[in-house]
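Within every chain, numbering begins at 1; the chains are lettered A, B, ... in the order of the sequence lines, protein sequences first and strands thereafter. Since the model is a prediction, treat every value here as computed from it, not as a measurement.
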Amino acid sequence: MTVRTRFAPSPTGALHLGVVRTALFAWLLARHSGGQFLLRIEDTDQKREVPGSADGIKEALRWLGLSWDEGPDVEGPYGPYIQSKRLGIYKKYAQELVEKGLAYADPYSVEELQALREKAQAEKRPFLYRDHRPENPPAWDGTQPLRIKLEPKAWEWDDAVMGKVSMGPEMIDDYIIIKADGFPTYNFCHIIDDHLMNVTHVMRSQEFISSVPKFLATHEVLRWEPPINAILPPVMDETGRAKLSKRKGAKPALDYRDQGFLPEAVLNFMATIGWNDGTEQEVYTVEELVAKFELARVQKSGGIFDEKRLIYLNGVHIRRLSLDELYLRTEGFWPKSAENADAMYKRTVLSLVHERLKYLAELPGLTEFFFTEPEVKEAVITENKQLKKLSADERKAMISATLNELETCDFTEEDLEKRLRPLVERLNTKTGILFGLIRASITGSNVAPGLFETMHVLGPEKTLSRLKKMI
RNA sequence: GGCCCCGUCGUCCAGCGGUCAAGACACCGGGUUUUCAUCCCGGCAACCGGGGUUCGACUCCCCGCGGGGUCACCA
């Protein structure tokens, strides 16, 4: 049996990382088993649809490399893969159920229903629609909601992640399969699609677990064999008190791209919330994830989204990149002042900050002074515990001596070191002080790459003029 | 509230009846170093509680407690 999984988002806004994790696990299972991964757009709620968000979702998936074998833009044998284009299919199945007496029109108004619900709540008992099933329902003319008739019974099933799960008959009720606007509900049409598209493993996040009996019962009514269900543990926000959601401020996935997070790092991070391979390995390439992923090792308990860990992993993945590869990825992240800079020069600058980068948006802050004259603020001196002890005259004297020494320097790293180290002794000071002063002068910062390499890359002209400016 | 799921360091997690309860992130020390970062050493820190079962429970069972989810013409 070929494994077929799917990711079926609603185009109601940007994709956030909690949802990405669901997509990732489905994708990993398909890729691991050499099966197929489908993308299906579930746009049956016209009111909530956000124009353009389906494109945003696809863009995010492409950025992450979660490629789909069938879906919008990649037609396959079971298309279309957009639910609003499949309305006829759902209607056909609905009609069949009506004819068999397995579905019926709902005669109640929204208000009447609401009143019944409130009454039940006031009496502290669960509301069940089936207690109010109309005895002689009106013929379904398509303007009333259509309900499926489900037999109330207890269900027990095997979930690929949670194991044995059971729920009582109160979890089953006649639910709406076609809304008054003619669109099907998720509960109904996703089952039809998953079946028709031969999806073998259906992954859903934990919020759906109590709906599973409903899905199973629907399969029974349709006389279909249900797929393997897998409930994924929730990803919680940093407070640990709520599921990650855009309402709670989860950032869109593409924000991470714009911050300069690498897709492989994001995938690595998300995969290890709720899954591990049982070894001590923490850093994975995407290929390794594909090779090692298995549903059986997916955790039952939820995990917190700890961005610090993502940042750490991103740094690891950046360091693993070759300089050439990293350079390719930095496009769009350089400071404005680097706009017309020479590619070779930028590449060299990049080599100096390669292992310091945690995410690419840090690039301007780390490299700006290589491209434009830094402003040396007073604070750079006063906030440096070594330099603030120096008087202005002492500083001038040191810089003068440095300028003097560098006059005949060829500005190779070796020569710079050969000149400046002895100067420390001659000036009767400490390396931290002299080098710190030079660094502040030429970079405008107390934090920068190694001094000699920085001076070498900057070259004699800029270095000397910046030093002179300090006097 | 009913129902359901979950419960190991602050965080991600290993463990699957017998371990000094491992690793990583974060944090704190120390080393390397001209700063930062990297790298290397070290430290802090956990089995929710109570009952069982057992020669022996983090591991199995029950009851609490805690957290999350769900009870829509949303997905």
Show every salt bridge (Lys or Arg N to Asp or Glu O under 4.0 Å) that has at least one partner inside residues 260-274 of chain A, sequence neighbours left out.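 Non-adjacent pairs meeting salt bridge (Lys or Arg N to Asp or Glu O under 4.0 Å): A/Glu264-A/Arg329.
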Go ahead and name the base partner of [N]; Watson-Crick or wobble counts if both distances stay under 3.5 Å, otherwise write none.
N     : result
B/G64 : B/C48
B/C3  : B/G69
B/A22 : none
B/C27 : B/G43
B/U32 : none

In terms of side-chain heavy atoms, does A/Tyr186 have a donor or acceptor partner in A/Asp45 at a distance below 3.5 Å?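 There is no such pair (donor and acceptor under 3.5 Å, judged by atom type) between the side chains of A/Tyr186 and A/Asp45.
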Heavy atoms under 4.0 Å is the rule here; annotate nucleotides 70-75 of chain B 5' to 3' with B where the base is hit, S where only the sugar-phosphate is, and - elsewhere. S-SBBB
Kindly state each residue pair satisfying side chain to side chain donor-acceptor pair (under 3.5 Å) with at least one member in residues 360-369 of chain A, sequence neighbours excluded.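 Checked against side chain to side chain donor-acceptor pair (under 3.5 Å) - neighbours excluded - the pairs reaching residues 360-369 of chain A are A/Ser337-A/Glu368.
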Salt-bridge contact A/Glu383-A/Lys388 (side-chain N to carboxylate O under 4.0 Å):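 Salt bridge between A/Glu383 and A/Lys388, a charged N being under 4.0 Å from a carboxylate O: no.
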For the side chain of A/Arg309, starting at C-beta, report the closest nucleotide among B/C39, B/A24, B/A37.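 Closest of the options to the side chain of A/Arg309: B/A24.
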Roughly, in whole Å, what's the span from [atom1] in [X] to [atom2] in [N]?
X        : N     : atom1 : atom2 : answer
A/Phe269 : B/C13 : CZ    : C1'   : 13 Å
A/Glu453 : B/C36 : CD    : P     : 15 Å
A/Glu383 : B/C36 : CD    : P     : 15 Å
A/Leu357 : B/C36 : CG    : P     : 17 Å

Scan [X] against the nucleic acid and name what it touches under 4.0 Å (heavy atoms): base, sugar-phosphate only, or nothing.
X        : answer
A/Arg125 : nothing
A/Gly303 : sugar-phosphate
A/Gly274 : sugar-phosphate
A/Glu282 : base
A/Ile273 : sugar-phosphate
A/Ser166 : sugar-phosphate

Is there a side-chain contact between [X] and the phosphate of [N], meaning an N or O under 4.0 Å from OP1 or OP2?
X        : N     : value
A/Gln299 : B/A14 : yes
A/Arg297 : B/C13 : no
A/Lys300 : B/C6  : yes
A/Asn446 : B/U35 : no

Is the closest side-chain heavy-atom distance between A/Glu288 and A/Gln281 below 4.5 Å?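 Yes, their side chains come closer than 4.5 Å.
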A/Phe127 side chain reached by A/Gln121 side chain, heavy atoms, under 4.5 Å: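 No, side chains not in contact.
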May I ask you to check if A/Lys251 and A/Tyr256 form a cation-pi contact, with NZ or CZ under 6.0 angstrom from the six-membered ring centre and within 45° of the axis?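 Ring-cation test returns yes.
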Taking the six-membered ring for Trp and the single ring otherwise, decide whether the centroids of A/Trp275 and A/Tyr284 are under 6.0 Å apart.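 So the answer is yes for these two rings.
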Residue mapping more 5' on RNA chain B - nearest nucleotide basis, A/Val316 or A/Gly278: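 The residue closer to the strand's 5' end, by nearest nucleotide, is A/Gly278.
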